[in-house]
Each structure stands twice: as structure tokens, then as C-alpha cells.
Amino acid sequence: MAPLANNVMGYTPPDGGWGWVVVFGAFISMGFSYAFSKAITVFFKEIQEHFGASYSEIAWISSILLAAMYAGGPVSSILVNRYGSRPVVIFGGLLSGAGMIIATFSSSIMQLYIFIGVIAGFGFSLNLQPSVIVVGKYFLKRRPIANGLAMAGSPVVLSTLAPLNQFLFDKFGWRGSFLILGGLLLNCCVAGALFRPIGQTTTSKKKPSQDLAEKGTNETLLSANKLQPSYGTKMEENKEETCMQKFNKVLDLTLFKHRGFMIYLVGNVVMFFAFYAPIVFLTPYAKHLGVDEYSAAFLLSILAIVDMFARPGTGFIANTKWIRPRIQYFLSFSVIFNGFCHLMCPFATDYFGLVVYSVFFGLAFGMVCALLFETLMDLVGVQKFSSAVGLVTIVECVPLLLGPPIGGAIVDAFGDYRYMYYECGVIMVLAGLFLFVMNYYNYRMLEKEEKERQAKEMEMKENSGCKKNETSVNDDKIENGAESTSAKPDTEKPWKDD
């Protein structure tokens, strides 16, 4: 049995039609948001030499970008709830493009932290969350497939940007490359324009006659309710909403009491300490082993190409009747498989070994990314998904911020990338085992709660049946009594006449 989640949306999702255009827009928006932090690692070696920075200092660029992208999640969710996905994504595209263009004029590593990390990263957060949310509004039955196709944008963009960045660097240097990349990011504005609003306001257009009929019906109901006794009505009318209740309408903090959500959150926090560091250091690791620049950058393309097919493939598998009821286990397996790949990476001592690692890592990485948001929506439902994404991303920004610099510090301390990959592998395996065990516990508890709920419903039905029987018996007695009293004067009347 899948975790119980409230999927009442107030309308019927089309599960197709314009929804596929929305998936294409999310494909572009999410592609740039996720892939950019990995694609710019091609420039790290040269930027490190230009500013004389250490491995740890250069890793802070991707870390701050990822942290800002995830920390902006609550702000993005609030804006989406207030204005919708379309304007938020358009503004995010403008902001991320402006950050990269301004970064062209940076004269220190600190300025790169601000322009690329903070400004562009926050712009990506405005691209990411609305894209995930709007896909969930257009799809229900085919949601895993739609999410898998939308998430495939990241590997497609990464496989294109990685060699393109190397080409741009050779022609224009890293400053000219940042200027061109800033222009490319403006395509997110076009993607956001495709996010046509959907919901009750767009799906239920009523005629004036229907409105008049409903108005009359409502007035009748109100007049009928006035005749009936109401308990606690005055208290409810006089009671004002607290600040927390108003805040929960835009960002539902009650999710922290949700057992499945907390299991997901803790497992993801542990996992994200080691999730992005292996990608950030893949190209520098290859160059450290003596691989030429283009071949080292091509490793990211290999990873992205495999990832490109892994995400929609995982979505199709997750949508099957065998996997979807237990999709949380599928995520746990994917995380463990990811960690196993990192543990095997240090045994790759030449380019062929790194190619094999990139293939398996791309498969594992794509599986995890395709399932992250689908499993969250499976736990909390569509209605609370916007708030859940915002809360998850702001908590996850801490491990995303610290993960790559910790990996860089390990490389600085030992002068070898192998220990960094060992550390990431162990963390991922532990996170996967935690998710597997705790999800097993969650499924068992949900089954127990469902049985208790069904037992209570049966008991209530039996009690209501007994009450109906008692009522019918009392009615029969009353009717019999009425008949006897009505029949009594007929028997006495002849005696009075005598």
C-alpha cells in the first residue's frame, strides 16, 4: 500500500494535451537549473590558476550556487502560490542570466561567489520549483513519466554544455564564455512563458444562469441553516486567524509532523553531503590523472548521455503497477547503487576506467534524480507538494553548501582524489540503507493505521445500524400505541349511546 496522501486537486488533470508542452518548458528550465552547476566545472582549473585559489576555494562556487538554488525554495514556493509558475520562471531566467553576465567582470574569487553563486543560484531556484510544481498540476496518472521526461533536461543540457564550454573557453576565455552563457540562460524566460495556468479557475467556467441557480440554492441553504441549532458558531466567527495559520497557507509547516516527510527529509540531508561532490571533481580528477582537457570534459558528456536515458526510463519503470506502490524502496535502491559506484571509482586509474565509472554513475545519478520529486509527491500529495518542495530545498541547502568544500578539503589534505570518492560512497550507502529501513517501518505503520481506520468505520456502521433498528422499533411502538388509542373510542361509543 502506498503512503496515504491527499491528491484532491479540485479539478481533473488533463494527463496530456498542453501538458506535454509544459513538460518541454520544464525540460528546458530544469535542464539549465540542474546542469549549470556541473557544466561550469570545466572552467574551474583555469579559474583556479587565474586567481591562485585552492581546490576547496574553487569548489565553493558550485556549492554556493547549489545552496542558493535550494535555499530559495521557500521563497519560490510562496511566489508560485501567490502569482503562479509562469511569471516566477520568467523572472528567474532574467536573474540567472544577469548574474552570469555580471560575473564576466569579476576581479576576485569572492565576486564569483556573489554573482554566480548567489544571484544566478537564486535565479535557478525560481526556475526549478515552479517547473516541478506545474508538471504535477498537469499530470496524475502519467506523473512519473512526465517527471522523468522533465528531469531529463538536466543531462541533455549538460551533455551539450560540457563540450561547448570547453570550445568557448578556447575561443573566448572564461570571461567571454560567461557572457555567452548568460545569454543562453535567457531561454528560461521562453520556457516559463509556456506554463499556462491550470486549476479550478481555468477548468470550470460557469454560465450566468448557473451562477443564478447556485446563488438561489445557497440562499435556500443559508435560510435552512438558520433554523437549525449551531454549536460553537459564535466562537468560530469571533475567532481570528493567527499569524501561524496565515503563514501555513503559503508554506505548510505542519509537514514537520508528517512521518513519511521527515524520513524523506533526513535521508536526503545525509545523501546530499555526497551527492554533487563526485561530479564537481570528475573533470579535475581526470586532468589530475593526465587526461587531456577535451577528453576530461567529455566524461561529463558521457555521464549526461547515460543520465539522459536513465531518467525517463526510470520514470516508465516507476509508473508500473509493480513499482509505484513501493516507489520509496526504488529510491532507496538507487541511492545505494549510487554510493557503490563512488566506492568503485578509485580503482579507475586510466581514461577507460573513468569512462566505465561515468557510465554507471550516470545511470545511478539519473535514477535518483528522476525519483526525488516523484517520491516526495507520493508521500505528501499534490496539495502540499509546493510547501514540501520549499521546506526540503531550504534544509538541503546546508549539505549542498558544505559537501563539495569538504570534498575539496579532503583532496587538499591528502593530495589525492580517491579518499574523497571513498567518503562520498560511504555516505551514500548509509543514506540509502536509512531510507530503506525507515520506509519499511513507514509502510508497516501505514498498513496498521489503515486497518484501524477500516475497523473503526465498520464499528461506526454497526453502531449506526443498531441505532436505526432501535429507532424503527420505537416508531413501531408509537404507531401501535396510536392505533390502540384511536381504536378505543370506537369500542366505547356504543356503551355511551346506551
Side-chain angles (χ1 to χ4, degrees), residues 30-51 53 55-70 93 95-106 108-125 127-128 153-188 275-287 293-294 296-301 303-304 307 365 400-401 403-405 407-408:
M30 295 170 67
F32 277 108
S33 299
Y34 274 121
F36 209 79
S37 61
K38 311 179 194 78
I40 61 172
T41 59
V42 173
F43 303 106
F44 278 7
K45 192 74 174 177
E46 288 71 24
I47 294 175
Q48 181 181 4
E49 295 175 356
H50 180 83
F51 291 111
Y55 290 103
S56 181
E57 288 174 339
I58 202 69
W60 277 103
I61 298 175
S62 288
S63 295
I64 295 174
L65 190 154
L66 289 168
M69 185 174 74
Y70 277 73
L95 194 62
S96 57
M100 285 303 300
I101 292 172
I102 298 173
T104 304
F105 307 99
S106 299
S108 66
I109 194 76
M110 185 61 66
Q111 292 178 0
L112 290 178
Y113 293 162
I114 297 172
F115 299 139
I116 298 179
V118 178
I119 297 178
F122 183 69
F124 289 138
S125 75
N127 290 342
L128 177 61
S154 174
V156 172
V157 174
L158 179 58
S159 63
T160 305
L161 280 182
L164 177 63
N165 285 352
Q166 191 63 52
F167 172 79
L168 292 176
F169 175 76
D170 292 339
K171 293 292 183 180
F172 306 104
W174 65 269
R175 294 183 185 274
S177 300
F178 283 1
L179 182 63
I180 296 172
L181 291 174
L184 287 176
L185 289 175
L186 296 178
N187 286 291
C188 294
F275 195 57
Y276 280 103
I279 297 178
V280 171
F281 290 103
L282 180 58
T283 300
Y285 180 36
K287 293 178 181 180
E293 295 177 349
Y294 275 95
F298 189 66
L299 289 173
L300 290 176
S301 297
L303 186 151
D307 189 5
F365 190 83
L400 283 171
L401 179 66

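Only this structure's heavy atoms are used, side chains among them; waters, hydrogens and symmetry mates stay out.
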Student check: side-chain heavy atoms of Met30 and Leu128 closer than 4.5 Å: yes
Pair Leu65-Ile40, side chain to side chain contact (heavy atoms under 4.5 Å, CB included): steps then yes or no: CA-CA 11 Å; Leu65 190 154; Ile40 61 172; 4.3 Å; yes
Heavy-atom side-chain contact between Asn127 and Phe36 under 4.5 Å: no
Heavy-atom pair with the smallest gap, counting every atom of Thr104 and Leu179: OG1-N, 3.4 Å
Heavy-atom donor-acceptor pair, Ser63 side chain to Trp60 backbone, under 3.5 Å: no
Side-chain donor/acceptor of Asp170 to backbone N/O of Phe167, under 3.5 Å: no
Check: Phe115 ring centroid to Phe178 ring centroid under 6.0 Å: no
Rounded distance (nearest 0.5 Å) linking atom CG of Leu186 with atom OG of Ser96: 7.5 Å
Donor-acceptor contact below 3.5 Å, side chain Ser177 vs main chain Phe169: yes
Residues forming a ring pair (Phe, Tyr, Trp, His ring centres under 6.0 Å) with Phe51, sequence neighbours excluded: Trp174
Any Ile64 side-chain heavy atom under 4.5 Å of Leu401 side chain: yes
Output field: ring centroids Phe365/Phe275 closer than 6.0 Å: yes
Side chain to side chain, Asn165 and Leu181, heavy atoms closer than 4.5 Å: yes
Side-chain touch Phe44/Thr283, heavy atoms, less than 4.5 angstrom: no
Interatomic distance, Ile116 atom CD1 to Phe43 atom CZ [nearest 0.5 angstrom]: 9.0 Å
Sub-4.5 Å side-chain heavy-atom contact between Leu184 and Thr160: no
Ring pair (Phe, Tyr, Trp, His ring centres under 6.0 Å) against Phe32, all qualifying residues, sequence neighbours excluded: none
Atom of Ala68, atom of Gly117 and distance for their closest heavy-atom approach: CB-O, 3.3 Å
Gap separating the CG atom of Leu168 from the CD1 atom of Ile180, nearest 0.5 angstrom: 4.5 Å
4.5 Å side-chain heavy-atom contact, Ile109 and Ile61: yes
OG-NE2 distance between Ser106 and His50, expressed to the nearest 0.5 angstrom: 9.5 Å
Sub-4.5 Å side-chain heavy-atom contact between Ile101 and Leu185: no
Minimal non-hydrogen separation, Ile119 against Gly99, with atom names: CG2-CA, 3.8 Å
For the student: nearest non-hydrogen atoms of Lys287 and Ala296, plus distance: CG-CB, 3.9 Å
Gln111 versus Phe105, closest heavy-atom pair with distance: OE1-O, 4.0 Å
Any residue meeting salt bridge (Lys or Arg N to Asp or Glu O under 4.0 Å) with Glu293, in chain and number order, not counting sequence neighbours: none
Exceeds 12 heavy-atom contacts within 6.0 angstrom, atom OH of Tyr294: yes
